[in-house]
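The structure under discussion appears below in the form of structure tokens.
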Amino acid sequence: RREKMKALELLYQGKAKSAYLTEDQDLLVLKFRDDTSAFDGEIIEQLSEKGAVNNQFNAFIMSKLSENGVPTHYVERLSATDVLVKRLDMIPVECVVRNRAAGSIVRRLGVEEGMVFDPPLFELFLKNDSLHDPMVTEHHVEAFGWATRREMSRMHELTLEANTILKGMFDKAGLQLVDFKLEFGRFHGEIVLGDEFSPDGCRLWDKLTGEKKDKDRFRQNLGGVLEAYREVAVRLGIVLDN
Ligand code: TMP
């Protein structure tokens, strides 16, 4: 079993994580790196300890989602920066839910930051940095064959379920879950949540002060990026290794 969990050759290198093959065809090792990117990889900086913090954060969230009925690729954390996951056939579409307006929707539609969406707004983006992740619809997903209509509707359903679970969890920690992005893949025919959930891929505002506690601190040069990530983790009850 130990041998099975060993990282072998590099399968691919993303902007913040690297994926390695293992002896088991169905398992990968993901390594969370300290690289932090913004604006579709235009800016990349190292933030010390981010990989380790996000690995623990992601393990906690993925476990909660699994416990609450959202199938995920998460198997177990192997070390400070490494996690064992199921190998998915990834769908190149990013599922975003917005509870309040921030980021691209503010620029695209000229609404005020903070505007509430009730019910939450669901959006899709093609995962393609050179095209700057253009917004697409469920019709594009079907027409281009990125996923079937059935798969798309399952991703939609699971993303909204995740929002309900996570919104409640962050609320108890004094944080508003403003928006987040999920990526899914296929595992033996089933739609399963892949990639990661960390402050790199969501927006979290302090309920009392409105302070940003997520990657917008990096995008907007606000400083204290890792301090904010750590604070969110501690507020959720995560006991950080260092
Ligand atoms: P957006 O406001 O840039 O469209 O992003 C919405 C949310 O999704 C935000 O929390 C950031 C996250 N996101 C990513 O993490 N990576 C991406 O490539 C995109 C498009 C969004």
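What you see is a predicted model, and the numbers here were worked out from it, not measured in a lab. Read the numbers this way: they start at 1 and go in the same order the structure lists the ligands and their atoms.
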Original post:
Short list, please: which atoms of ligand 1 are under 4.0 Å from a heavy atom of Gly201?
Top reply: 10 (O), 12 (C), 15 (O)
Original post:
Centroid-to-centroid, Tyr229 to Phe57, below 6.0 Å?
Top reply: no
**OP:** State whether Asp82 and Lys31 are salt-bridged, where the test is any N-O pair (Lys NZ or Arg NE/NH1/NH2 against Asp/Glu carboxylate O) under 4.0 Å.
**Re:** yes
Original post:
Is ligand 1 under 4.0 Å from a heavy atom in the side chain of His132, in the backbone, in both, or in neither?
Top reply: neither
Original post:
Between Arg203 and Asp214, is there a side-chain N and carboxylate O pair less than 4.0 Å apart?
Top reply: no
Original post:
Where does Arg98 meet ligand 1, judged by heavy-atom distances below 4.0 Å: at the side chain, the backbone, both, or neither?
Top reply: side chain
Subject >> Salt bridge flag under 4.0 Å for residues Arg98 and Glu123 >> reply: yes
Original post:
Is the shortest distance from a Lys or Arg side-chain nitrogen in Arg235 or Asp206 to a carboxylate oxygen in the other one below 4.0 Å?
Top reply: yes
**OP:** Tell me which protein heavy atom sits closest to atom 5 (O) of ligand 1, plus the residue, atom name and distance to 0.1 Å.
**Re:** Arg203 NH1, 3.7 Å
Original post:
Which atoms from ligand 1 have a heavy atom of Cys202 less than 4.0 Å away?
Top reply: 10 (O)
Original post:
Is it true that Arg149 and Glu151 have a side-chain N and a carboxylate O under 4.0 angstrom from each other?
Top reply: no
Subject >> atom 4 (O) of ligand 1 [closest protein heavy-atom partner, distance rounded to 0.1 Å] >> reply: Ser104 OG, 2.6 Å
Original post:
With the threshold set at 4.0 Å, does a side-chain nitrogen-carboxylate oxygen contact exist between Asp40 and Lys127?
Top reply: no
Original post:
At a 4.0 Å threshold, what atoms of ligand 1 neighbour a non-hydrogen atom of Asp200?
Top reply: 15 (O)
Original post:
Atoms of ligand 1 less than 4.0 Å from Ala102 heavy atoms?
Top reply: 2 (O)
Original post:
With atoms numbered from 1 as shown, which atoms in ligand 1 lie under 4.0 angstrom from a non-hydrogen atom of Gly103?
Top reply: 2 (O)
**OP:** If you have a sec, work out which protein heavy atom is nearest atom 14 (C) of ligand 1 and how many Å separate them, to one decimal?
**Re:** Lys181 CE, 3.5 Å
Original post:
Using 4.0 Å as the upper bound for N to carboxylate O, is an ion pair formed by Glu112 and Arg100?
Top reply: no
Subject >> More than 12 heavy atoms from other groups under 6.0 Å of CD on Glu9 >> reply: no
Original post:
Heavy atom of Lys215 under 4.0 Å from ligand 1?
Top reply: no
**OP:** Please confirm whether Arg219 comes under 4.0 Å of ligand 1, counting heavy atoms of the residue only.
**Re:** yes
Original post:
Taking both backbone and side-chain atoms of Asp179, is any N or O found less than 3.5 Å from an N or O belonging to ligand 1?
Top reply: yes
Original post:
Where is the nearest protein heavy atom to atom 17 (C) of ligand 1: which residue, which atom, and how far?
Top reply: Glu94 OE1, 3.1 Å
